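Sequence lines set the chain letters: A, B, ... in the order given, protein chains first and strands last, and positions in each chain run from 1. Because the structure is predicted, anything quoted here is derived from the model rather than measured.
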Amino acid sequence: MPELPEVETVRSGLALLLADRPILCRVQLMRADLRAPIPASLARRLRGQPIIAVRRRAKYLLFETPAATLLCHLGMTGTWRLAPSGDERIHDHCYLHFFDGRRLAYRDPRRFGLLDLIEPGRAEEHPALAGLGPEPLDARAFTGAVLAERCAGRKVAIKPLIMDQRVVVGVGNIYAAEALFRAGIRPSCFSGRVSRPRLDALVAAIRAVLLEAIAAGGSTISDFRQAGGDSGYFQTRFQVYDRAGQPCVRCGAKLRGAVLGGRSTVWCSRCQR
DNA sequence: CGGGTTACCTGACGGC
DNA sequence: TGCCGTCAGGTAACCC
């Protein structure tokens, strides 16, 4: 489900819900592992702690408490929701119970997500966060020059390259396709052969599409929901994603579809070179 | 090392 | 109705 706009939408929703810094009275794990084992000490370490902030790095959520930070990746199907008493669902893997009586539920049918603990001040050392590329919305960190350096001499196609979280974070299959369409770049283009002006355009397109999607509350495909339960609506603005065989919004040509780097890819062979 | 494929897991959907 | 194949927003372990 979640690329940067969806994770940011969840983050801002949770930050609003938790703005009064509620104190955890119980962390209830319903299973011992997701994609990776959940530390056995997680519940004990977080008990009695206030949530002082909810941050985002790449596609990760960080629930900060004085004693430790709860790290969460939503994988493909992870969701957080306010779960009143009686609202228990299949694939709920973790409940955060607060002293004020509220409860947050983490639900993740495919279990590609991650829950882990980070020691205070050690976020950059965590294996999942170390080595991540720049935030695409940070205009100083993610520039055409930075992307050009990562592309130089590379034969990997540009679409899988911009989905590589070591190059730039937060871009997944949907927004990679949308950004490449906006920039007029064919997804299968060798990274090392995309000109510098076109890489500048791609950086701008990535930033623009992510910002527009955040403003729209993310894209709701299947069961993505904001933390408040609302749907995002950016999916109504897809120009290429999931539109193979349909007409290009710009020129009317039939959009092409293929598998690239193991992921479904859609593009306009007339508008994208 | 770079580049490509596969596995992880469940659910939804289309075809028969 | 139900069975089966295919596909899904991500990541990482493999292979050559």
Side-chain angles (χ1 to χ4, degrees), chain A residues 1-11 30-38 56-61 71-80 89-93 106-116 126-133 136 149-180 187-193 206 209-210 213-214 216-226 231-238 240-245 257-266:
Chain A
M1 155 217 316
E3 301 182 35
L4 187 150
E6 290 73 38
V7 179
E8 178 57 27
T9 298
V10 171
R11 186 210 64 77
M30 311 303 286
R31 59 177 301 125
D33 54 72
L34 297 171
R35 185 177 85 209
I38 303 169
R56 178 189 61 74
R57 170 73 173 112
K59 300 174 190 171
Y60 292 86
L61 292 166
L71 179 70
C72 175
H73 193 289
L74 302 172
M76 293 275 256
T77 54
T79 55
W80 283 97
R89 304 185 197 176
I90 187 171
H91 306 308
D92 280 352
H93 305 312
Y106 177 70
R107 180 170 183 273
D108 183 1
R110 288 176 76 179
R111 305 204 302 270
F112 287 174
L114 179 82
L115 289 175
D116 202 357
H126 190 280
L129 304 182
L132 287 175
E149 192 176 334
R150 303 307 301 264
C151 286
R154 300 286 305 275
K155 291 180 82 171
V156 69
I158 189 71
K159 176 164 173 276
L161 183 117
I162 60 173
M163 293 172 64
D164 184 335
Q165 303 298 295
R166 295 168 298 187
V167 173
V168 59
V169 302
V171 179
N173 203 34
I174 292 177
Y175 298 107
E178 296 297 315
L180 287 164
S188 56
C189 227
F190 289 162
S191 301
R193 310 198 70 147
I206 288 171
V209 74
L210 294 178
I214 290 169
S219 301
T220 294
I221 297 177
S222 132
D223 58 356
F224 168 72
R225 288 292 180 279
Q226 303 178 26
S231 294
Y233 54 89
F234 192 76
Q235 68 280 2
T236 63
R237 306 234 293 270
F238 291 161
V240 286
Y241 178 79
D242 205 26
R243 293 194 64 240
V259 173
L260 183 60
R263 309 301 298 273
S264 72
T265 299
V266 185

Query raised in the report: Relative to each other, are the rings of A:His93 and A:Tyr106 parallel, tilted or perpendicular (30° and 60° limits)?
Result: tilted
Query raised in the report: Rounded to whole angstroms, how far apart are CZ on A:Arg166 and P on C:dA13?
Result: 11 Å
Query raised in the report: Would you say the side-chain atoms of A:Arg243 pair up with the backbone N or O of A:Gly245, donor to acceptor, closer than 3.5 Å?
Result: no
Query raised in the report: Under 4.0 angstrom, heavy atoms only, what part of the nucleic acid is A:Tyr175 near: base, sugar-phosphate, or nothing?
Result: nothing
**Report entry** N/O (side chain, A:Arg154) to phosphate O (OP1/OP2, B:dG3) under 4.0 Å
**Finding:** yes
Query raised in the report: So, A:Glu3 side chain and A:Ile174 main chain: donor-acceptor pair closer than 3.5 Å or not?
Result: yes
Query - Face-to-face contact A:Phe112 to C:dT11 six-ring, under 5.5 Å, under 30° - result: no
**Report entry** Flag, side chain of A:Thr79 to backbone of A:Arg107, donor-acceptor distance under 3.5 Å
**Finding:** yes
Query - Distance in angstrom units between A:Arg110 CZ and C:dA12 C1', rounded - result: 15 Å
Report summary line: Ranking B:dC9, B:dG3, C:dG10 by distance to the side chain of A:Lys155, first place goes to B:dG3
Query - Euclidean distance, atom CG of residue A:Leu161 to atom C1' of B:dG2 [Å, nearest integer] - result: 12 Å
Query raised in the report: Base, sugar-phosphate, or nothing: which does A:Gly172 touch, judged by heavy atoms less than 4.0 Å apart?
Result: sugar-phosphate
Report task. Among the candidates B:dG11, C:dT11, C:dA8, find the nucleotide nearest to the side-chain atoms of A:Tyr241. Result -> C:dA8
**Report entry** Between B:dC9 and C:dC14 - P atom distance, rounded Å
**Finding:** 14 Å
Requested in this report: Report the distance from atom CG of A:Asp164 to atom P of C:dA12, rounded to the nearest whole Å.
Outcome: 10 Å
Query raised in the report: How is A:Arg263 classified with respect to the nucleic acid when contacts are heavy atoms under 4.0 Å: base, sugar-phosphate, or nothing?
Result: base
Query raised in the report: DNA chain B: A:Arg35 or A:Ile90, which has the more 5' nearest nucleotide?
Result: A:Arg35
Query raised in the report: Quick one: is C:dC7 close enough that its OP1 or OP2 comes under 4.0 Å of any side-chain N or O from A:Ser264?
Result: no
**Report entry** Residue-phosphate contact under 4.0 Å: A:Lys59 side-chain N/O, C:dT11 OP1/OP2
**Finding:** yes
Query raised in the report: Quick one: A:His91 NE2 to C:dA8 P, roughly how many Å, whole number?
Result: 20 Å
**Report entry** Atom-to-atom span, CZ of A:Phe190 to P of B:dG4 - whole angstrom
**Finding:** 8 Å
Query raised in the report: Tell me: CE of A:Met76 to C1' of C:dT11, nearest whole Å?
Result: 10 Å
Query raised in the report: Please give, in whole Å, the distance from C:dG10 P to A:Arg57 CZ?
Result: 17 Å
Query raised in the report: Which dot-bracket string describes DNA chain C (Watson-Crick N1-N3 plus N6-O4 or O6-N4, or G-U N1-O2 and O6-N3, all under 3.5 Å; [ ] crossing; | other strand)?
Result: .|||||||.|||||||
Requested in this report: For the residue pair A:Leu4 and A:Pro136, establish whether any side-chain heavy-atom pair is separated by less than 4.5 Å.
Outcome: yes
Report task. Output the distance between atom OG1 (A:Thr77) and atom CZ (A:Arg111), rounded to the nearest 0.5 Å. Result -> 10.0 Å
Report summary line: Per atom distances to the A:Val156 side chain, the nearest of C:dT11, B:dG4, C:dG10 is B:dG4
Query raised in the report: Taking C-beta and beyond as the side chain, do A:Pro5 and A:Tyr175 meet within less than 4.5 Å on heavy atoms?
Result: yes
Query - Selected nucleotide, minimal atom distance to A:Pro2 side chain, candidates B:dG4, C:dA8, C:dG10 - result: C:dG10
Query raised in the report: Is A:Arg193 atom CZ crowded by more than 12 heavy atoms from other residues, nucleotides or ligands, each under 6.0 Å away?
Result: no
